[in-house]
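Before any comments, here is the structure.
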Amino acid sequence: MKLAEVIDVLDQAYPPRLAEGWDSVGLVCGDPDSEVTHVLVCVDVTNDVVDAALARGAQLVIAHHPLLLRGVDTVAANTPKGALIHRLIRGGCALFTAHTNADRARGGVNDALAAALGLDVTGPVEFLDASLHLDRWGVMVPPAQADEVLAAMFEAGAGEVGEYSECAWRVDGVGQFRPGDDASPAIGSARELTTLDETRIELVAAAARRAHVARALRDAHPYEEPAHDIVELVGGEREWGLGRVGTLPEPMTLAAFTARVADSLGAPARAAGNPEAVVRTVAVCGGAGDSLLGTVGRLGVDAYVTGDLRHHPVDEHLRAGGPAVVDAGHWGTEFPWCATVAELLWPYLDVAVHDVPTDPFTVRAAPGADA
């Protein structure tokens with residue numbers, strides 16, 4: 001492929017318009033008319049990464065973090081960053097960056113992080129424009145409990161249309177189900193087909209309230225497994241927003257979840273919160289995510305996974321009643337994206353991932369028993 005064709009694929013996956021105004025994304029060096037057959041994907045552009053790219057004959061390095069970002073007024077070969085640029089150009093290797101645009105886009109950094117942790121994603125932590133993103137909820141409920149379930153969903157922010165509130169539509173019908181051996185049905189018995197009158201409720205809610213509405217529905221609904229569907233009315237394009245919110249396959253303690261994070265990401269993880277607290281709903285943000293602590297605190301999740309958390313912001317977050325936080329480092333929370341980029345380009349090119357950590361902290365020590 002021509003480098004320009006590769007860039008087209010990357011720009012469709014991670015639209016440059018999603019990048020922050022201060023960010024620097026796109027082609028850093030290289031000729032768009034040059035041929036590309038071998039690609040290396042990484043989080044950071046370091047000496048070791050350039051060594052690896054040139055050793056495998058790569059014509060393109062795709063990095064998450066911009067090499068040239070703030071205060072750059074020279075790429076002279078006697079400067080640290082300039083030396084890397086000169087080596088890449090001499091080796092016939094281009095450099096491309098997808099940074100905050102890859103953070104926000106569907107299928108980007110945060111979706112990769114959520115997938116690595118096994119989350120069933122329900123939406124972003126922070127929408128690009130929350131007012132334009134709506135869900136339509138459809139809920140099956142026994143007629144006698146319909147008002148109670150509706151009231152709980154209204155309280156969580158559902159049913160608002162313009163200047164109107166508590167908006168909903170309902171229709172009565174007949175539902176059926178057959179509980180499994182391990183089920184504990186509120187109505188009916190295990191292995192027996194049950195039919196019953198049900199009411200289907202439909203209403204809309206801002207997608208940003210999805211976790212709140214889901215929790216309200218689950219708490220108010222009489223069924224062990226509330227039957228419902230969610231249709232996203234707006235926002236099916238690449239644009240979505242920062243971070244992701246999702247649910248774990250099964251609840252676990254914060255201590256167990258922290259171990260899961262470390263094992264899943266292959267990176268050290270530390271947590272703040274009650275180690276025995278139950279974690280089911282999780283927010284994630286790859287990289288440095290303490291700027292979203294306030295937003296996460298309003299989502300009703302049980303835990304927040306990100307990197308580069310600082311002492312005082314975390315302390316204040318917990319004092320304010322925010323969810324537990326898990327810090328798995330900057331590199332650890334962004335590295336899963338590299339495999340996503342490789343998968344995107346594998347149909348066209350030979351792609352490798354630089355899987356040696358580029359986290360600058362390479363030496364770790366724990367205090368001795370007598371410390």
Can you name the side chain to side chain donor-acceptor pair (under 3.5 Å) partners of D11, sequence neighbours left out? none
Are the side chains of V174 and L196 in contact, using a 4.5 Å heavy-atom criterion? no
Identify, with sequence neighbours excluded, every residue that meets side chain to side chain donor-acceptor pair (under 3.5 Å) alongside T37. Q59
Enclosure of R218 CZ (heavy-atom neighbours >12, cutoff 6.0 Å): yes
Looking at V75, is its backbone amide N or carbonyl O close enough to the side chain of T79 to form a donor-acceptor pair, meaning the two atoms are under 3.5 Å apart? no
Between R106 and E232, does any side-chain N to carboxylate O distance fall below 4.0 Å? yes
Mind checking whether V9 and M1 have side chains closer than 4.5 Å, heavy atoms only? yes
All pairs passing ring-ring contact (aromatic ring centres under 6.0 Å, His included) where residues 170-225 contributes a residue, at least two apart: H221-Y223
Any ring-ring contact (aromatic ring centres under 6.0 Å, His included) involving residues 54-97? Give me the pairs, sequence neighbours left out, ordered by first then second residue. H64-H99, H64-W337, H65-H99, H65-H330
D172 vs D197 side-chain heavy atoms within contact, under 4.5 Å: no
I need the full list of salt bridge (Lys or Arg N to Asp or Glu O under 4.0 Å) pairs touching residues 18-41, with sequence neighbours left out, sorted by first then second residue. K2-E35, E20-R104
One should read off an interatomic distance between T358 OG1 and D355 CG, to the nearest 0.5 angstrom, of 10.5 Å
For T306, check side chain to side chain donor-acceptor pair (under 3.5 Å) against everything at least two apart and list the hits. none
Assess whether a salt bridge exists between D51 and R87, defined as any Lys/Arg side-chain N lying under 4.0 Å from an Asp/Glu carboxylate O. yes
Would you mind checking if D147 and R170 are paired as a salt bridge, meaning a charged N to carboxylate O distance below 4.0 Å? yes
Could you tell me which residues satisfy salt bridge (Lys or Arg N to Asp or Glu O under 4.0 Å) with D48, sequence neighbours excluded, listed by chain and number? none
Heavy-atom closest pair (V245 atom, P124 atom, distance to 0.1 Å) is CG2-O, 3.9 Å
Donor-acceptor under 3.5 Å (R178 side chain, T194 main chain): no
My understanding is that a hydrophobic cluster links ILVMFWY residues whose side chain heavy atoms are under 4.5 Å apart, including indirect links. Using that, what else belongs to the cluster containing L193? none
So does A256 get a backbone contact from the side chain of T253, meaning a donor-acceptor N/O pair under 3.5 Å? yes
Are any non-hydrogen side-chain atoms of S189 and P179 less than 4.5 angstrom apart? no
Measuring only between side-chain heavy atoms, which start at C-beta, is T247 closer than 4.5 Å to L119? no
pair V49-L40: side-chain heavy atoms closer than 4.5 Å: yes
L54 and V50: side chain to side chain contact (heavy atoms under 4.5 Å, CB included), yes or no, with the steps? CA-CA 6 Å; L54 299 181; V50 175; 3.9 Å; yes
Any T340 side-chain heavy atom under 4.5 Å of L344 side chain: no
Please go through F154's hydrophobic cluster and name the other residues, only I, L, V, M, F, W, Y counting, with side-chain heavy atoms under 4.5 Å joining them. W137, V139, V141, V149, L150, M153, I201, L203, V213, L217, I230
P323 side chain reached by V296 side chain, heavy atoms, under 4.5 Å: yes
Please list, chain by chain and in numerical order, all residues satisfying side chain to side chain donor-acceptor pair (under 3.5 Å) with R56, sequence neighbours excluded. D350
Electrostatic pair E202-R200, nearest N-O below 4.0 angstrom: yes
Dump the intermediate steps for salt bridge (Lys or Arg N to Asp or Glu O under 4.0 Å) on R364 and D359, then the final yes or no. CA-CA 12 Å; R364 296 178 175 85; D359 186 332; 3.4 Å; yes
When L117, V301, V121 are each screened for side chain to side chain contact (heavy atoms under 4.5 Å, CB included) with V284, the one that passes is L117
Please list all pairs meeting ring-ring contact (aromatic ring centres under 6.0 Å, His included) that have one or both residues in residues 286-328, counting only residues at least two apart or in different chains. none
Qualifying side chain to side chain donor-acceptor pair (under 3.5 Å) pairs, either residue in residues 264-284, two or more places apart: R215-T281, R270-D327, T281-D302
